[in-house]
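The next block holds one structure in the form of structure tokens; read it before the comments.
Values in this document were obtained by computation on a predicted structure and should not be read as measured data. Proteins come first, then strands; the chains are lettered A, B, ... in the order of their sequence lines, and each starts at number 1.
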Amino acid sequence: MNARKLVVSQTQIPQSIRNSLLYAVMEPPNSAPPFTPKPPSILATGLLKSYFERGLIREARTLFDEMPERDVVAWTTMISGYTSCNLHGRAWVVFCGMMRCTDVRPNEFTLSSTLKACKGMSSSSRGALVHGLVVKQGMSASLYVSNALLDVYATCCVNMDEASAVFHEIRGKNDVCWTTLIAGYTHRGDGYMGLNVFRRMLLEEGKSSPFSFSIAVRACASVHSCTYGKQLHAAIVKHGLEFSLPVMNSILDMYCRCGSLNAAKQCFHEMTQRDSITWNTLIAGYEKSDPYESISTYSSMESEGLSPNCFTFSSVIAAVANLAILSCGEQIHGRIIKRGLRGNLELDNALIDMYAKSGNFASARRIFDKMPTRNLVSWTSMMIGYGSHGYGNEAVDFFEEMVKFKVRPDRIAFVAVLNACSHAGLVDKGVNYFISMVSDYNIAPDPEIFGCLVDLLGRAGRVEEAFKLIESMPFDPDESVWGAFLGACKEHNHPDLGKLAIRKVLALKPKIASTYVVLSNIYAADGKWGDSAKMRKLMRWRATKKEAGRSSVEIKNQNYSFVAGDKMGSHMDCVNEVVKILVKHIRDARYIPDLDFFIHDLEDGT
DNA sequence: GTAGGGTTAG
């Protein structure tokens, strides 16, 4: 008998299935034990799964289309196969095709797999359709089905009402039900509710699992509660879970997000095993607070032979963006290309941000133009880049273009466009955007947005209007609003309103030294030296020691970082050279420095 | 031969 005709693409088929196919077409041996070949449909289903696991989607589809008989398991394998390859829409189409076949009915496996596809499509409405079928088929008792349904509603609905209703109806809840509910609250930003459910799970049910601990730790991180996080860390050790890598990765992440970088560092060094997520978490943790350490940790990761991935590079690129070291960013970009990691949306967004912040708009634009798909972050990164470098009109054009492409702006996009309007002096346009944000996009203005609007009016000299706006705000203005107003008062010479703003900032944030310095300078500029000195005294008494502002400059591919009064040895000559060039540019631009403030700022060394 | 929850990027 010729077995070759049946064994297609031999190299792609696992040995076990190849043997089964051979046995299926060969005569069984005469001697015992008796051999029962598996039916061809079972073999084909095994092959289908194998194709999906290897990403051979076209081959899986061809095989499925050529199957003479397709039972419920074959259909379900297609649905879960497509979902495992993130092709949720195709999984849904297969499910609809199956429902049209009269000879096959979905089972619990089919319904839970289809619900996972609904979650992948973020479609609670399709999930509700499947929910109806679950009730009709009498499958509500299946924990797999109920949990999948709970997951769809918790992830895709506007609130947790539907998910809670499903959860309460589950009889004989297991730890998966609880973990799914906790994750639902936590992933939508309600970390306290997530922790509350976790507490109930422990106290009322006496249940816990590594999964539930991980998500509870994530909940602590989301509410920035290091106190709860430490308690959970202790409980994890008590439960013997400190050797679970995902659990410890979440602890590491929690310390980073709570700003306890020393605790994170200690945790990292004490971990007995580390994977790429461990390294990526620490690199991301350092990204904002200590970008140099972030880059250095990335270097150590490479030295230890671990392969950086898209997550790693997104964080390192963000760290480079914070430092605006273009040459370093270009080097890392080269490594990304070398590793074949081009085309990742988040990574491209990080690169746009880095190039835009470093002032290389041509490269930022090139990446943006070549992106196969763009999201809101891509557009916003370009807008922030243009806006922060004084190209307000270009940023506004980008916003308009984005809206034309039917990308719905969010709060951050409006912050970007309002800031751009502010810097470009487009006051009326900015006010119109603010009105559109509230009326067309239903976004409630928060203190930051009001701060942008106050800044917009204030920079244009409309200080009284800005003050009226502050007075009409639906909540108490925070220090950022008063800070923006203070800048306007300083710029357009409104000392009385400026002093009022300062008093407000001091009442809200009495420990910030710079506020006292600004007020002291206002008094000094007014010739009130006694009041000026009083503020300096008050600062030393009340405020915490101000961390010195650190500057960095890139010269011939070498980055130099320094603070005021720093002794940099021979490097100081390079810095002085750059300062001379800068002063020349400033003079050429006919800028007249405000010496009243300049002198006193220097006196304090800040 | 088919199904579940957790940790990393903007």
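A donor-acceptor contact under 3.5 Å is formed by the side chain of A/Thr45 with the base of B/dG1. Between the base of B/dG5 and the side chain of A/Asn174 there is no donor-acceptor pair shorter than 3.5 Å. With hydrogens and angles left out, the side chain of A/Asn249 and the base of B/dG6 share no donor-acceptor pair within 3.5 Å. A/Ser315 contributes no side-chain N or O that forms a donor-acceptor pair with the base of B/dA9 under 3.5 Å.
Aromatic stacking of A/Phe211 on B/dG6: not satisfied for centres closer than 5.5 Å together with planes under 30 degrees.
Closest approach to the A/Asp253 side chain among B/dT7, B/dG1, B/dG10 is made by B/dT7 (side chain taken as heavy atoms from C-beta onward). You'll find that the side chain of A/Thr77 is closest to B/dT2, out of B/dT2, B/dA3, B/dG1. Side chain of A/Asn349, nearest nucleotide from B/dG10, B/dG1, B/dT8: B/dG10.
Protein atom OH of A/Tyr82 is 18 Å distant from nucleotide atom P of B/dT2, rounded to whole Å.
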Less than 3.5 Å apart, which donor and acceptor atoms pair up between the side chains of residues 367-380 of chain A and the rest of the protein, not counting sequence neighbours?
unit_1, atom_1, unit_2, atom_2, d
A/Asp369, OD1, A/Arg365, NE, 3.1
A/Asp369, OD2, A/Arg365, NE, 3.3
A/Arg374, NE, A/Phe368, O, 2.8
A/Arg374, NH2, A/Phe368, O, 3.1
A/Arg374, NH2, A/Asp369, O, 3.3
A/Asn375, OD1, A/Asn349, ND2, 3.1
A/Asn375, OD1, A/Val377, N, 3.1
A/Asn375, OD1, A/Ser378, N, 3.1
A/Asn375, OD1, A/Ser378, OG, 3.0
A/Ser378, OG, A/Asn349, OD1, 2.8
A/Ser378, OG, A/Asn375, N, 2.9
A/Ser378, OG, A/Asn375, O, 3.2
A/Thr380, OG1, A/Leu376, O, 2.7

| request: Would you check, one step at a time, whether the test side-chain contact (heavy atoms from CB on, under 4.5 Å) holds for A/Val247 with A/Val217? | output: CA-CA 8 Å; A/Val247 171; A/Val217 172; 5.7 Å; no
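A/Asp253 and A/Ser250 are not linked by any side-chain donor-acceptor pair at a separation below 3.5 angstrom, with hydrogens and angles left out of the test.
For B/dA9, the OP1/OP2 oxygens have a side-chain nitrogen or oxygen of A/Arg257 closer than 4.0 Å.
In this structure, the side-chain contact (heavy atoms from CB on, under 4.5 Å) partners of A/Ala319, at least two apart in sequence or on a different chain, are A/Glu287, A/Pro291, A/Ser294, A/Ile295.
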